[in-house]
K.L.:
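Right, I'll just put the structure down here and ask away after.
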Amino acid sequence: MKALVKREAAKGIWMEEVPVPEAGPNEVLIKLEKTAICGTDLHIYLWDEWSQRTIKPGLVIGHEFVGRIVGIGPGVNGYAIGQRVSAEGHIVCGHCRNCRAGKQHLCPNTVGIGVNRNGAFAEYIVMPASNLWPIPDQIPSELAAFFDPYGNAAHCALEFDVVGEDVLITGAGPIGVMAAGICKHIGARNVVVTDVNDYRLKLAADMGATRVVNVANQSVKDVMADLHMEGFDVGLEMSGNPRALNDMLDCMYNGGKVALLGLQPKGAGIDWDRVIFKGLTLHGIYGRRMYETWYKMTQLVLSGFPLGKVLSHQLPVDEFQKGFDLMESGKSGKVVLSWN
Ligand code: NAD
Ligand code: ZN
């Protein structure tokens with residue numbers, strides 16, 4: 001089968017022929033329809049410092065996907081050939097204390113598809129049946145393809161009560177844009193989104209953000225004054241930029257709550273005075289809750305949340321290089337590749 005493989009320890013990604021995997025006990029074989037390129041795939045493509053210490057060359061990358069079940073291994077119940085599914089890409093151990101306590105998103109033994117084992121940028125993938133997420137007919141495949149990062153956005157945006165609250169989102173990458181839309185959809189008051197990229201800020205505005213701020217030439221404090229606000233009740237850090245995080249802590253209202261999704265560089269510091277004297281809550285977010293986040297995000301789309309507004313490009317998989325170039329340029333929302 002065709003697959004996008006990280007063949008060499010250098011910038012790039014290679015289309016290769018690899019063996020079709022086989023579904024073992026409690027697993028299904030899925031034929032991919034559409035996949036989406038994640039920021040993580042871009043890191044692997046660019047071969048940055050994180051990839052160099054995490055990825056073993058020879059890996060089939062990719063974890064955002066939708067496809068149809070074409071093979072069912074022994075012991076699988078409740079799924080049928082032809083069924084359209086996405087899947088949770090974090091495969092947990094099932095026997096650690098957190099897994100047994102129903103907190104699988106906190107399993108310390110998590111294995112990620114497309115990072116720690118072969119992924120979804122291929123004609124076929126094998127997944128544990130327990131990770132599957134059936135996609136309702138009303139949801140088109142080009143949107144189901146990126147439920148994984150949509151789940152990161154939903155996990156973050158739903159972690160604290162945002163109804164009637166003022167929300168600051170730092171970083172208008174695809175995840176920040178989707179989080180802004182979710183917060184507005186469920187009834188936040190002001191949703192202010194920052195970035196340094198005007199293309200992406202426009203996507204956030206289209207998603208319904210109250211204000212978008214290019215912090216290269218405007219400050220969040222000015223916007224707060226404009227909106228007659230004393231500070232933000234909830235902050236969602238989705239840039240991974242230390243300056244953005246510190247600006248956020250500066251702009252939080254006393255007693256505010258901050259969800260941290262963006263991956264900060266090693267050694268990034270914060271002003272602890274802001275946390276202590278304002279009585280802030282800081283909460284790290286990893287992945288999606290299994291499977292509460294999946295239930296909620298599916299229902300949000302079925303209730304009219306305009307997820308499609310973050311989808312900027314759809315390409316046939318043979319144009320994968322163009323897809324990665326678009327991601328690298330920053331002039332993109334979600335980029336989806338078709339395998340059929
Ligand atoms: P992305 O890289 O596409 O978006 C980050 C955005 O932050 C970019 O648009 C960038 O221009 C912007 N930015 C840079 N400097 C900024 C500043 N000073 N102020 C405001 N914005 C600034 O990433 P994404 O795919 O949307 O993901 C968001 C973050 O979440 C990334 O750091 C990613 O690595 C991380 N992530 C974490 C998890 C998790 O489970 N914790 C999962 C997925 C992604
Ligand atoms: Zn576990």
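Read the numbers this way: they start at 1 and go in the same order the structure lists the ligands and their atoms.
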K.L.:
I want to know if ligand 1 touches G176 in the polar sense, i.e. an N/O pair below 3.5 angstrom.
P.N.:
no
K.L.:
Looking at N131, T298, L132, which hits side-chain contact (heavy atoms from CB on, under 4.5 Å) with Y291?
P.N.:
N131
K.L.:
Which atoms from ligand 1 have a heavy atom of I285 less than 4.0 Å away?
P.N.:
39 (C), 40 (O), 41 (N)
K.L.:
If the cut-off is 4.0 Å to any non-hydrogen atom of V215, which atoms of ligand 1 fall inside it?
P.N.:
19 (N)
K.L.:
Within rounding of 10°, what is the angle whose vertex is the Zn ion (ligand 2) and whose arms end at SG of C93 and SG of C96?
P.N.:
110°
K.L.:
Report the part of T194 (side chain from C-beta onward, or backbone N, CA, C, O) that has a heavy atom under 4.0 Å from ligand 1; answer both or neither where that applies.
P.N.:
both
K.L.:
Take S303 and H185 through the test side chain to side chain donor-acceptor pair (under 3.5 Å) and record every step on the way to the result.
P.N.:
CA-CA 9 Å; S303 69; H185 185 74; 3.3 Å; yes
K.L.:
Tell me: protein heavy atom nearest atom 5 (C) of ligand 1, and distance?
P.N.:
M238 O, 3.7 Å
K.L.:
Looking only at protein heavy atoms, which one is nearest to atom 22 (C) of ligand 1, and how far off is it?
P.N.:
S239 CB, 3.6 Å
K.L.:
If the plane angle is over 60° it's perpendicular, under 30° parallel, otherwise tilted; pick one for F324 and Y45.
P.N.:
parallel
K.L.:
P174 and K334: which non-hydrogen atoms are nearest, and at how many Å?
P.N.:
CB-CD, 3.5 Å
K.L.:
Go through ligand 1 atom by atom and flag the ones less than 4.0 Å from a non-hydrogen atom of P174.
P.N.:
3 (O), 26 (O)
K.L.:
Among all protein heavy atoms, pick the one closest to atom 14 (C) of ligand 1 and tell me residue, atom and distance.
P.N.:
V196 CG2, 4.1 Å
K.L.:
Which atoms of ligand 1 sit under 4.0 Å from any heavy atom of G287?
P.N.:
39 (C), 40 (O)
K.L.:
May I ask you to check whether L263 has an N/O atom sitting below 3.5 Å from an N/O atom of ligand 1?
P.N.:
yes
K.L.:
Any luck finding a side-chain donor-acceptor pair between T54 and H43 under 3.5 Å?
P.N.:
no
K.L.:
Have a look at M327, H43, Q264, R200 and point out the one with the heavy atom closest to atom 2 (O) of ligand 1.
P.N.:
R200
K.L.:
Would you check whether D195 has a nitrogen or oxygen atom less than 3.5 angstrom from a nitrogen or oxygen atom of ligand 1?
P.N.:
yes
K.L.:
Which of these passes side chain to side chain donor-acceptor pair (under 3.5 Å) with E88: R289, R288, H105?
P.N.:
R288
K.L.:
Tell me the protein heavy atom at minimum distance from atom 15 (N) of ligand 1, and give that distance in Å.
P.N.:
N241 ND2, 3.3 Å
K.L.:
Carefully, step by step, assess N190 and R211 under the rule side chain to side chain contact (heavy atoms under 4.5 Å, CB included).
P.N.:
CA-CA 8 Å; N190 294 306; R211 291 289 178 89; over 6 Å; no
K.L.:
Only heavy atoms of G173, strictly under 4.0 Å: list the atoms of ligand 1 that pass.
P.N.:
3 (O), 4 (O), 6 (C), 9 (O), 26 (O)
K.L.:
Is the distance from the Zn ion (ligand 2) to some N, O or S atom of H95 under 2.8 Å?
P.N.:
no
K.L.:
Is R189 salt-bridged to E165, going by a charged N under 4.0 Å from an acidic O?
P.N.:
no
K.L.:
Does the distance from a Lys or Arg side-chain N to an Asp or Glu carboxylate O, for D161 and K257, drop under 4.0 Å?
P.N.:
no
K.L.:
Between K202 and D198, is there a side-chain N and carboxylate O pair less than 4.0 Å apart?
P.N.:
no
K.L.:
For ligand 1, indicate whether the residue L261 contacts it via side chain, backbone, both or neither (heavy-atom separation under 4.0 Å).
P.N.:
both
K.L.:
Could you find the nearest protein heavy atom to atom 19 (N) of ligand 1 and give me its residue, atom name and distance?
P.N.:
A244 CB, 3.5 Å
K.L.:
Determine yes or no for a side-chain-to-main-chain donor-acceptor pair under 3.5 angstrom, with K103 supplying the side chain and M290 the backbone.
P.N.:
no
K.L.:
Name the orientation class of the two ring planes belonging to H283 and F160 (parallel below 30°, tilted from 30 to 60°, perpendicular beyond 60°).
P.N.:
perpendicular
K.L.:
Side chain or backbone of T40 under 4.0 Å from ligand 1, or both, or neither, by non-hydrogen atoms?
P.N.:
neither
K.L.:
How far apart are the closest heavy atoms of K184 and A209, and which atoms are they?
P.N.:
CG-N, 4.5 Å
K.L.:
What protein heavy atom lies closest to atom 43 (C) of ligand 1? Include the residue and the distance to one decimal.
P.N.:
N152 OD1, 3.4 Å
K.L.:
Would you please determine whether R243 falls within less than 4.0 Å of ligand 1 on a heavy-atom basis?
P.N.:
no
K.L.:
Could you tell me whether the side chain of E159 reaches within less than 4.5 Å of the side chain of I285, counting heavy atoms only?
P.N.:
yes
K.L.:
Could you tell me, atom by atom, which parts of ligand 1 come under 4.0 Å of a heavy atom of G262?
P.N.:
29 (C), 30 (O), 32 (O), 35 (C)
K.L.:
Is there a polar contact, in the sense of an N or O pair closer than 3.5 Å, between I175 and ligand 1?
P.N.:
yes
